There are 2 protein chains.
Amino acid sequence: MKKHSYEYPRPALATDCVIFGFDGGELKLLLIEREKEPFKNKWSLPGGFVFMEETTEQCANRILLEKAGIKNVFIEQLYTFSKTDRDPRERVVSVTYYALVNRNQFELIAGRDTVKAEWFSISEIPKLAFDHRDIVKAALIRLKGKVRYQPVGFELLNEKFTLTQLQQLYESILETAIDKRNFRKKILAMGLLKALDEKEKNVAHKAARYYSFDNKAYKVFTQTGFNFEL
Amino acid sequence: MKKHSYEYPRPALATDCVIFGFDGGELKLLLIEREKEPFKNKWSLPGGFVFMEETTEQCANRILLEKAGIKNVFIEQLYTFSKTDRDPRERVVSVTYYALVNRNQFELIAGRDTVKAEWFSISEIPKLAFDHRDIVKAALIRLKGKVRYQPVGFELLNEKFTLTQLQQLYESILETAIDKRNFRKKILAMGLLKALDEKEKNVAHKAARYYSFDNKAYKVFTQTGFNFEL
DNA sequence: CAATAAAGTGTTATTTATACACTAAGTAAA
DNA sequence: TTTACTTAGTGTATAAATAACACTTTATTG
């Protein structure tokens with residue numbers, strides 16, 4: 001049997017982040033243009049190497065902040081990609097994360113400095129550097145699974161949102177049409193939404209009521225063993 | 001903004017494997033006794049460092065073979081653990097996997113050589129080395145989620161199994177009692193089981209019929225967009 | 001041959017999911 | 001100021017899935 005002496009060389013360790021946003025009824029993705037070879041001027045996921053004194057999750061949060069000005073958002077580990085040739089320069093293993101971002105909250109900050117950042121509809125994602133297409137694909141599958149049994153979709157919306165916005169969000173993530181009446185019935189029956197007194201303004205039709213996600217109710221909800229399920 | 005020059009030092013990269021088996025109506029876990037410090041003589045998950053020329057998945061399969069004589073089994077990436085102090089010697093990031101093993105298939109091989117390996121009931125897991133308890137916990141949660149929408153439980157059983165065995169398997173993974181008639185109705189209705197002509201022998205009661213998982217039917221099943229769900 | 005032990009089998013009630021169409025309210029254009 | 005347009009908002013009936021529940025059959029053992 002082989003003895004595991006393990007000095008150098010070691011694979012490099014990086015993280016890459018899939019950043020989701022929601023706008024104009026569509027799910028979006030934040031991409032960064034690479035400034036250096038390899039894949040210079042190609043679009044890519046924001047990423048970077050893991051420092052010795054940080055966890056991969058701390059690294060992902062640091063990258064979110066440094067490359068897109070994003071902080072304090074929902075983030076979850078996605079998958080670790082380790083194909084030996086995924087970076088042409090050297091062996092790099094990437095622990096990937098996905099983040100859910102309320103776009104309005106960060107619109108000004110994203111793309112600051114010299115970093116060119118842009119939101120893309122998930123239906124119009126350009127060719128990506130490295131194996132980033134695989135990473136995005138995995139993130140979409142994960143998100144689809146996730147929203148059905150965890151109320152994470154709200155992370156993508158403003159604090160106040162209409163039921164139509166919420167429904168559009170689910171429709172675009174799940175890539176399916178949902179019946180309006182059944183959707184509203186089900187989501188309201190859970191008791192996790194607070195109906196606000198406020199309504200839309202300056203719309204050319206009947207103004208929709210705003211709702212907000214009731215974090216307190218959700219806490220009680222989970223503690224009593226009930227499960228969110230859509 | 002920080003520039004990402006990334007020479008040494010790098011975290012070491014390892015994989016650890018949670019190996020599930022099923023026997024005597026109980027879910028079991030294969031553990032290895034450590035021969036070296038740190039945690040000498042403590043139980044731990046089989047693990048090892050990732051070589052430059054292998055993916056983390058290949059590494060996990062290699063470890064399964066080297067440490068437990070197990071090969072060609074279901075294996076899936078679980079999570080990457082990266083707390084900076086999870087190994088007292090140095091910074092080690094571990095990409096973990098879980099495997100589902102038919103115990104009968106490997107009973108003789110596991111624990112060969114000098115490696116002391118033993119199966120433990122999940123209700124009687126001893127104190128483990130490193131953060132391995134967290135890893136096991138994550139694996140149990142994953143497995144619970146997985147068996148409900150993917151027919152992976154069969155990986156733990158013999159090719160021929162009785163419906164009672166299958167039910168016990170689900171009961172022990174999901175940690176819940178299941179109604180016999182409803183279970184059989186549902187699982188048979190999916191059309192994924194082949195009833196064999198063979199029955200149990202040498203049992204002190206009515207002999208149960210053997211079934212096997214119908215891989216062909218499952219292929220068609222998935223291709224036609226239906227989903228396994230229990 | 002009686003006792004034991006697990007296999008095997010249907011029906012009913014309840015809950016959940018699905019399908020479906022009109023009225024209300026606000027703005028913009030004629 | 002009236003009409004057209006656009007989206008908000010609402011209930012019911014049917015179908016499907018789930019959950020609850022008990023006795024007969026078949027083999028072995030003492």
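Only heavy atoms go into these numbers, but all of them, side chains included; no hydrogens, no water, no symmetry mates. Numbered from 1 within each chain, the chains take letters A, B, ... in sequence-line order. This structure is a prediction, so every number in the text was calculated from the model and none was measured.
Distance NZ (A:K206) to P (D:dA8): 9 Å, rounded to an integer number of Å. Atom-to-atom, CZ of A:R209 to C1' of D:dT7 comes out at 16 Å; the value is rounded to the nearest Å.
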Report, one pair per line, the protein and nucleotides 28-30 of chain D atoms (nitrogen or oxygen only) whose separation is under 3.5 Å.
none

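Between A:F81 and A:Y79, a ring centre-to-centre spacing shorter than 6.0 Å is recorded. Checked against a 6.0 Å centroid threshold, the rings of A:F221 and A:F228 do not count as neighbours.
More than 12 heavy-atom neighbours from other residues, nucleotides or ligands sit within 6.0 angstrom of CD on A:E118.
Ring geometry for A:Y98 versus A:F20: interplanar angle over 60°, hence perpendicular rather than tilted (30 to 60°). Taking the six-membered ring where the residue is Trp, B:F154 and B:F161 present tilted rings, their angle falling between 30° and 60°.
Taking every heavy atom of residues 168-196 of chain B and every atom of DNA chain C, pairs under 4.0 Å involve B:K180, B:R181, B:R184, B:K185, by number.
When DNA chain C is scanned in the 5' to 3' direction for atoms under 4.0 Å from non-hydrogen atoms of chain B, the outermost contacting nucleotides are C:dA5 to C:dT11.
Taking CD1 of A:I70 as the start and CG of A:L100 as the end, the distance is 11.0 Å to the nearest 0.5 Å. A distance of 9.5 Å separates CZ of A:R86 from CG of A:D134, quoted to the nearest 0.5 Å. Once rounded to the nearest 0.5 Å, the distance linking CD of A:E35 with CD of A:E33 reads 8.5 Å.
The residue A:T164 sits close only to the backbone: its heavy atoms come under 4.0 Å of sugar-phosphate atoms, none of a base.
B:Q77 and B:Y97 form a side-chain donor-acceptor contact under 3.5 Å, judged by distance and modelled atom types alone.
Looking at every heavy atom in both residues, B:I173 comes nearest to B:K144 through O-CG, 3.3 Å.
Both B:A207 and B:E229 lie close to DNA chain D; mapped to their nearest nucleotides by heavy-atom distance, the more 5′-ward contact belongs to B:E229.
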